[in-house]
Amino acid sequence: AYVEVEGGDHRVLREYKGKGGGGVPALLLCYPPPRSSMARDWLRAYLDVGGRTLVHVGEFCGWTGSPAFEDLLVETMECVGRHPVLRWGGDCAELTIWERRNSAGAGTRSVLLPCRCGKEATRRSVLDRQFVVCSRECCQQYGDGEVGRDRFDDDDWFLELSVLRKVNGGEMAGKGSMLSLPHGKK
């Protein structure tokens, strides 16, 4: 099946407000640029016109989107599906499907970046960026070989996701970037 893709910035969504019939179509955000308000602006505009379904292709706490986008997403929507996609180089992209909550903050907060145990991950492997864990115990249970089962606390092997969010959010401009974050305790 084919769909029409329209160009423009987030303000084009205003034309959908109040339209009858099928309502607002789903919004697709595919690899939104890092350190940009683009993903957040589109999601906010989409929610303002009554949008209910977001399809996102990219990675969280990483090379796409921003912390402001991620915060708005988990506050207003619930993740209802995660699917692998082909990855480019070292990215950790996936396709996620989100449905709008009936009211902001209602229900359980969706996990942006799940550890294999299901909890929110707190650290990402430097060698295998797809490997994210929430605790030393999960690192030991799920780690394999070079990823380092016993290296959870070693900043040369694992990066704190909170640090990655600060870098991606532009709070550490000039101190490294998502593409060149220095390893180790610098």
Side-chain angles (χ1 to χ4, degrees), residues 1-10 12-13 16 22-102 104 106-134 138 142 144 147 159 161-162 164-165 167-169 177-179 181:
Y2 295 93
V3 297
E4 184 176 332
V5 177
E6 298 179 23
D9 66 15
H10 64 277
V12 301
L13 289 176
Y16 287 102
V24 180
L27 175 64
L28 169 65
L29 289 177
C30 187
Y31 289 92
R35 294 184 175 171
S36 166
S37 66
M38 178 269 209
R40 187 200 173 283
D41 293 346
W42 273 94
L43 179 56
R44 177 80 273 149
Y46 179 65
L47 294 169
D48 288 347
V49 297
R52 303 219 36 93
T53 304
L54 169 74
V55 178
H56 174 266
V57 180
E59 68 177 61
F60 296 112
C61 302
W63 292 350
T64 65
S66 68
F69 162 68
E70 294 167 356
D71 292 343
L72 179 60
L73 184 64
V74 297
E75 175 188 315
T76 59
M77 303 191 88
E78 178 180 355
C79 184
V80 297
R82 291 181 182 277
H83 305 280
V85 296
L86 292 175
R87 294 189 167 119
W88 302 88
D91 83 3
C92 301
E94 62 183 340
L95 183 145
T96 53
I97 301 168
W98 299 78
E99 292 290 334
R100 188 176 191 154
R101 298 180 190 279
N102 289 332
T108 306
R109 179 184 182 274
S110 286
V111 173
L112 271 181
L113 205 55
C115 176
R116 289 187 191 167
C117 73
K119 295 179 184 174
E120 186 83 45
T122 59
R123 292 178 72 81
R124 173 176 273 150
S125 169
V126 172
L127 293 179
D128 179 1
R129 294 187 65 252
Q130 298 173 44
F131 184 61
V132 293
V133 290
C134 67
C138 282
Y142 302 116
D144 186 29
V147 172
L159 296 174
L161 291 176
S162 60
L164 294 178
R165 283 177 54 90
V167 172
N168 198 26
S177 72
M178 286 307 305
L179 301 176
L181 185 66

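Heads up: numbering here begins at 1 and tracks the sequence. Since this is a predicted model, take the numbers as computed values, not measurements.
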Stepwise side-chain contact (heavy atoms from CB on, under 4.5 Å) test for W98 and V80: CA-CA 6 Å; W98 299 78; V80 297; over 6 Å; no
Pairwise side-chain contact, [X] with [Y], heavy-atom cut-off 4.5 Å (strictly under):
| X | Y | result |
| --- | --- | --- |
| V55 | T96 | no |
| C117 | C134 | yes |
| P84 | E94 | no |
| V133 | R124 | no |
| E120 | L113 | yes |
| M38 | S66 | no |
| R44 | L72 | yes |
| T53 | Y46 | yes |

Is the NZ or CZ atom of R35 positioned over W63's six-membered ring, under 6.0 angstrom from the centre and within 45° of the axis?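 No - R35 does not lie over the ring of W63 by the 6.0 Å and 45° rule.
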* Parallel, tilted or perpendicular for F60 and F69, by the 30°/60° rule? ->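 Ring orientation, 0 to 90° scale: parallel.
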How long is the straight-line distance from [atom2] of [Y] back to [atom1] of [X], given to the nearest 0.5 Å?
| X | Y | atom1 | atom2 | result |
| --- | --- | --- | --- | --- |
| L112 | C79 | CG | SG | 8.5 Å |
| L28 | L54 | CG | CG | 8.0 Å |
| Y142 | R116 | OH | CZ | 8.0 Å |
| R129 | C92 | CZ | SG | 4.0 Å |
| L95 | R82 | CG | CZ | 10.5 Å |

ask   = Hey, which of H56, H83, E78 is the one that makes side-chain contact (heavy atoms from CB on, under 4.5 Å) with I97?
value =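 Option passing the side-chain contact (heavy atoms from CB on, under 4.5 Å) with I97: H83.
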Would you call R101 and E75 a salt bridge, taking side-chain N to carboxylate O under 4.0 Å as the test?
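Looking at E75 together with R101, the answer is no, because their closest N to O distance does not fall below 4.0 Å.
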Quiz item: Are C61 and E70 close enough, and set up right, to give a side-chain contact (heavy atoms from CB on, under 4.5 Å), and what steps lead you there?
Solution: CA-CA 8 Å; C61 302; E70 294 167 356; 4.0 Å; yes
Worksheet item: Does the side-chain contact (heavy atoms from CB on, under 4.5 Å) test come out yes or no for L43 and M77, once each step is laid out?
Response: CA-CA 10 Å; L43 179 56; M77 303 191 88; 3.7 Å; yes
Ignoring hydrogens, what is the shortest heavy-atom contact between W42 and L29? Give both atom names and the distance.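 Heavy atoms of W42 and L29 come nearest at CB-CD2, 4.0 Å.
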Item checked: Residue pair T64 / E59, side-chain donor-acceptor N/O under 3.5 Å ->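 On atom types as modelled, these side chains do not qualify, holding no pair under 3.5 Å.
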TODO: Decide yes or no on side-chain contact (heavy atoms from CB on, under 4.5 Å) for T122 and L161, but give the supporting numbers first.
DONE: CA-CA 5 Å; T122 59; L161 291 176; 5.5 Å; no
